[in-house]
Amino acid sequence: MRKMITAAACAAALSGALLAPAPATASDCGYEATATVHFRSGPGTGYTSLGLLRAGDRMGDPKKRDAGWWKTFPMDRTQSGIKAGRMGWVKATYLRESVCMNH
């Protein structure tokens, strides 16, 4: 009986280790907004605002860069309600590399 309990405990510990999330890497961290700023449909103020980003909204790594504007996406639903994954443009000066923690 003792061997069965020990084997079960080892199996449970091993499965927990296999299911634990991997530590975050720099590429998982992305960027974050530094202030309230428009999230636009194109690279410039003449393009339609898709909504507002607020300081701390997490953004993915830029997919394209154009004259100081970055095409990116929110990693989570933003504080103002922009859906995660929605592509848009942000003036690069309003983004900074995110200090990442395991979430």
Side-chain angles (χ1 to χ4, degrees):
M1 180 74 163
R2 178 174 268 180
K3 286 184 180 181
M4 286 177 51
I5 293 171
T6 303
C10 288
L14 181 58
S15 67
L18 293 175
L19 297 175
T25 64
S27 64
D28 296 333
C29 296
Y31 292 79
E32 63 183 40
T34 60
T36 300
V37 61
H38 286 278
F39 187 59
R40 296 191 177 275
S41 62
T45 58
Y47 288 89
T48 303
S49 176
L50 303 173
L52 294 173
L53 300 177
R54 306 248 193 257
D57 282 339
R58 294 182 338 123
M59 305 302 289
D61 289 332
K63 301 302 177 195
K64 194 173 187 181
R65 298 171 190 222
D66 184 356
W69 290 80
W70 290 0
K71 186 175 185 179
T72 185
F73 58 94
M75 294 174 75
D76 309 298
R77 187 176 193 89
T78 67
Q79 297 173 56
S80 67
I82 301 168
K83 292 181 181 179
R86 173 82 191 258
M87 295 301 290
W89 292 82
V90 180
K91 185 76 173 159
T93 55
Y94 292 100
L95 297 175
R96 69 172 169 229
E97 285 188 81
S98 180
V99 176
C100 191
M101 303 288 189
N102 286 334
H103 295 287

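Just so you know, these numbers come straight off a predicted model, no measurement behind them.
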Within the 4.5 Å heavy-atom criterion, are [X] and [Y] side-chain neighbours or not?
X	Y	result
Val37	Leu52	no
Tyr31	Asp61	yes
Pro74	Met59	yes
Phe73	Lys63	yes
Met87	Lys71	yes
Val90	Trp70	no
Thr36	Leu53	no

**Message:** Please give me the minimum heavy-atom distance between Asp66 and Pro43, naming the atom from each residue.
**Reply:** OD2-CG, 3.5 Å
**Request:** Would you mind listing the cluster partners of Tyr47? Hydrophobic ones only (ILVMFWY), side-chain contacts under 4.5 Å, chaining allowed.
**Result:** none
**Prompt:** Which value, rounded to the nearest 0.5 Å, describes the distance between Ile82 atom CD1 and Arg54 atom CZ?
**Reply:** 9.0 Å
**Prompt:** Which pairs, with at least one residue in residues 33-48 and sequence neighbours excluded, count as a salt bridge (Lys or Arg N to Asp or Glu O under 4.0 Å)?
**Reply:** none
**Asked** Which pairs count as side-chain hydrogen bond (donor to acceptor under 3.5 Å, both in side chains) when at least one residue sits in residues 79-90, sequence neighbours excluded?
**Response** Asp57-Gln79, Thr78-Ser80
